[in-house]
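Right, one structure below, let's go through it.
All chains are named by letter (A, B, ...) in the order of the sequence lines, taking the proteins before the strands, and each is independently numbered beginning at 1.
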There are 2 protein chains.
Amino acid sequence: MSENSLSSFSSHVDPATTPDNVIKALSIDNLIFGLDHGQLDILLIKHREGISAGRWALPGGWIRYDENLRDAASRHLLELTGVSDLYLEQLKTFGRVDRFPNERVVTVSYYALVSAEDYDLAAGHNAADACWFNVRALPELIYDHAEIIQYGIEQLQQNVRRRPIGFNLLPEKFTLLQLQELYESILGTKLDKPNFRRKIMKMGLLASCDEKQTGVAHRAAKLYRFDEQAYNTLMEKGFSFEI
Amino acid sequence: MSENSLSSFSSHVDPATTPDNVIKALSIDNLIFGLDHGQLDILLIKHREGISAGRWALPGGWIRYDENLRDAASRHLLELTGVSDLYLEQLKTFGRVDRFPNERVVTVSYYALVSAEDYDLAAGHNAADACWFNVRALPELIYDHAEIIQYGIEQLQQNVRRRPIGFNLLPEKFTLLQLQELYESILGTKLDKPNFRRKIMKMGLLASCDEKQTGVAHRAAKLYRFDEQAYNTLMEKGFSFEI
DNA sequence: TACTCTTATTGTCCTTTTGACCACAAGACT
DNA sequence: AGTCTTGTGGTCAAAAGGACAATAAGAGTA
């Protein structure tokens, strides 16, 4: 596992050491988003070797010949974070001729959403220099990774409003205010609490957990969870999610 | 030109003949959409050689080492249709292990929108067996092209509602009813004429041409064109297109 | 226990948008 | 002149969206 991780980290640095069982000139880059204290973060790794040593990069790696694109993204994700079954979606393929030094490497980017439960694990699992960064305060990045992240954030902003994927960034059970703050944070807007509550509840996508918050110094809010079954039923009837 | 076209057509059939100056294992596939008599069409080509002879395929080809992805898509588009400057957007990258026979080939798909003016040219320019097909009556397709087209249509349906790209399928000057029928056709719905007119006009994206239809056997409608400048101005103010 | 503080939750009112449908206008054609 | 087809403007009620006041529920503190 550790060896795999290492090779996947160094792969971007030195394509000359590309193993034999992977597709040449094609790589994966993962945008791993998490939410911490109401702020949208992205997980980056620090390169240790080569000319880009000391700079930060999106985690990623090569694609094996016998592996689907999505499986490759998923594998790199697991190797880095120790978490599987994350929400994962293809973002876009970046292939500018000069995006990679000396070689032509096209990269297929994916974005993943890490739940609050897995947030600490994701950055702490591997000994590698993996670290969460607030998306509004990114360090210097290698290659075209800044461009990829910029595009990814824009897409996330769009998708989070049109599909019920934001829940993947929250704990399994969450309050309506947490959900509202998630949207406010990602979209960079301020929402009206009563109106937001009504809008969400009216959709019928949330199931009450019959539980309340604990450990808060004020009136505890009810906990809800995303009701995937209800969502599927609604989708068949032509429902369209929108915030 | 003709040689280029031929090689790009046969490329999918026999990857053994892949030229040297292209990226191995990576191809382009173009979804070329056009509108004819209010029906959404897609341009396909017929394979003449190899095991897939006689079946239809998305036009596409290889990517040169010194060429950006988008430029490759654009080049293949030009070689096939003789039309440049089409609306072109990356769709998705398809890379299932077994999508291509015997070899591992990942393909980056793009979709293009052909205006009514260029519709006939696009299919007639090249001597190759290129033909428009109604998207609801597709022939048997090679590889995973049916899946790609299916995905493309879904994306087009979504994007045409959220971005003012539908205009690219119409003539430069068009009537409101043409525009309405475009949406009805792509979305598969029926729209109310007065309401549609009001909604569109209220956006302020259409500039009147101070002209009217000619050669119609009824009251002639006013002609409009998409006002790109107005759109850019509105976008800066946070406008969001939506049908 | 009473009071305070913070957030949860409900209620109300007004504006805007959406959707359905009617009516008339304008040409082209017979 | 009459008819047919499509363009264009009007109306009205329902639904959605948005602003904001008011009350409820706890937890903590004096």
Side-chain angles (χ1 to χ4, degrees), chain A residues 37-38 116 160-162 164 170-171 173-185 187-225 234 237-243, chain B residues 35 37-38 116 160-162 164 170-171 173-185 187-226 234 237-243:
Chain A
H37 295 93
V160 86
R161 300 197 337 136
R162 313 194 193 306
L170 294 176
K173 300 173 180 180
F174 52 85
T175 71
L176 290 180
L177 187 57
Q178 283 180 299
L179 187 61
Q180 178 182 340
E181 285 172 341
L182 179 152
Y183 283 105
E184 291 180 337
S185 168
L187 302 176
T189 58
K190 195 75 188 142
L191 300 170
D192 181 87
K193 208 190 316 187
N195 293 338
F196 178 81
R197 149 192 306 281
R198 265 186 292 261
K199 185 163 189 171
I200 287 284
M201 293 311 283
K202 193 177 168 191
M203 293 184 189
L205 292 178
L206 297 190
S208 170
C209 297
D210 296 317
E211 281 180 67
K212 294 194 171 188
Q213 270 180 316
T214 58
V216 288
H218 55 78
R219 175 176 176 184
K222 273 198 252 181
L223 292 174
Y224 296 89
R225 60 178 181 76
L234 283 170
K237 295 179 188 165
F239 166 82
S240 105
F241 182 88
E242 187 148 359
I243 295 290
Chain B
L35 201 65
H37 295 94
V160 87
R161 300 199 332 137
R162 313 193 194 304
L170 294 177
K173 301 172 179 181
F174 52 85
T175 70
L176 290 180
L177 187 57
Q178 282 180 298
L179 187 61
Q180 178 182 341
E181 286 172 341
L182 178 152
Y183 283 105
E184 290 180 339
S185 168
L187 302 177
T189 57
K190 195 75 187 142
L191 300 170
D192 180 86
K193 209 192 313 188
N195 292 340
F196 178 81
R197 148 191 308 281
R198 268 186 290 263
K199 186 164 188 171
I200 287 285
M201 293 311 284
K202 193 176 166 191
M203 292 184 191
L205 292 179
L206 298 190
S208 170
C209 296
D210 295 319
E211 282 180 65
K212 293 195 170 188
Q213 269 181 317
T214 59
V216 289
H218 55 78
R219 173 178 176 183
K222 273 198 252 181
L223 292 175
Y224 297 89
R225 60 177 181 76
F226 176 62
L234 284 170
K237 295 178 187 165
F239 167 81
S240 106
F241 182 88
E242 188 146 1
I243 295 289

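- Ranking dT8(D), dA8(C), dG9(D) by closeness to the Arg198(B) side chain, first place goes to dG9(D).
- Atom C1' of nucleotide dA15(D) and atom CG of Asn195(B) are separated by 14 Å, given to the nearest angstrom.
- Of all the heavy atoms in Leu191(A) and Gln180(A), the pair that sits closest is O-NE2, 2.9 Å.
- Across all their heavy atoms, Phe241(B) and Phe239(B) have their closest contact at N-CE2, 3.5 Å.
- Look at NZ on Lys199(B): it is 19 Å from P on dG9(D), rounded to the nearest Å.
- Shortest non-hydrogen contact noted between Arg219(B) and Gln213(B) is O-OE1, 4.3 Å.
- Per the geometry, CZ belonging to Phe196(B) stands 15 Å off P belonging to dG9(D), to the nearest Å.
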Response to the item:
Whether each nucleotide of nucleotides 22-30 of chain C has a protein heavy atom under 4.0 Å at its base (B), only at its sugar-phosphate (S) or at neither (-) is summarised, 5' to 3', as B--BBBSS-
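- When all heavy atoms are compared, the tightest approach of Gln178(B) to Leu170(B) is O-CD2, 4.2 Å.
- One can place CG of Leu191(B) at 15 Å from C1' of dC21(C), the figure rounded to the nearest angstrom.
- Residue Leu176(A) is out of contact with every strand shown, counting any heavy-atom pair closer than 4.0 Å.
- Separating the CD atom of Gln180(B) from the P atom of dT6(D) is a distance of 12 Å, rounded to the nearest angstrom.
- Between the CG atom of Leu223(A) and the P atom of dA8(C) there is a distance of 11 Å, rounded to whole Å.
- For Asp192(A), the listed nucleotide lying nearest its side chain is dA19(D); candidates were dA19(D), dA20(C), dT9(C).
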Return all side-chain donor-acceptor pairs below 3.5 angstrom for residues 203-211 of chain B, not counting sequence neighbours, or 'none' if the list is empty.
residue   : atom : partner   : partner atom : Å
Ser208(B) : OG   : Asp210(B) : N            : 3.1
Glu211(B) : OE2  : Lys173(B) : NZ           : 2.4

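- Taking Tyr224(B) as the reference, nothing meets the ring-ring contact (aromatic ring centres under 6.0 Å, His included) condition, with sequence neighbours excluded.
- Between the CZ atom of Arg197(A) and the C1' atom of dG18(D) there is a distance of 16 Å, rounded to whole Å.
- Taking the side chain as every heavy atom from C-beta outward, Met201(A) and Leu176(A) approach each other to under 4.5 Å.
- In this structure, Lys190(B) atom NZ and dC21(C) atom C1' are separated by 15 Å, rounded to whole Å.
- Lys193(B) has no side-chain polar atom (N or O) that falls below the 4.0 Å cut-off from OP1 or OP2 of dT6(D).
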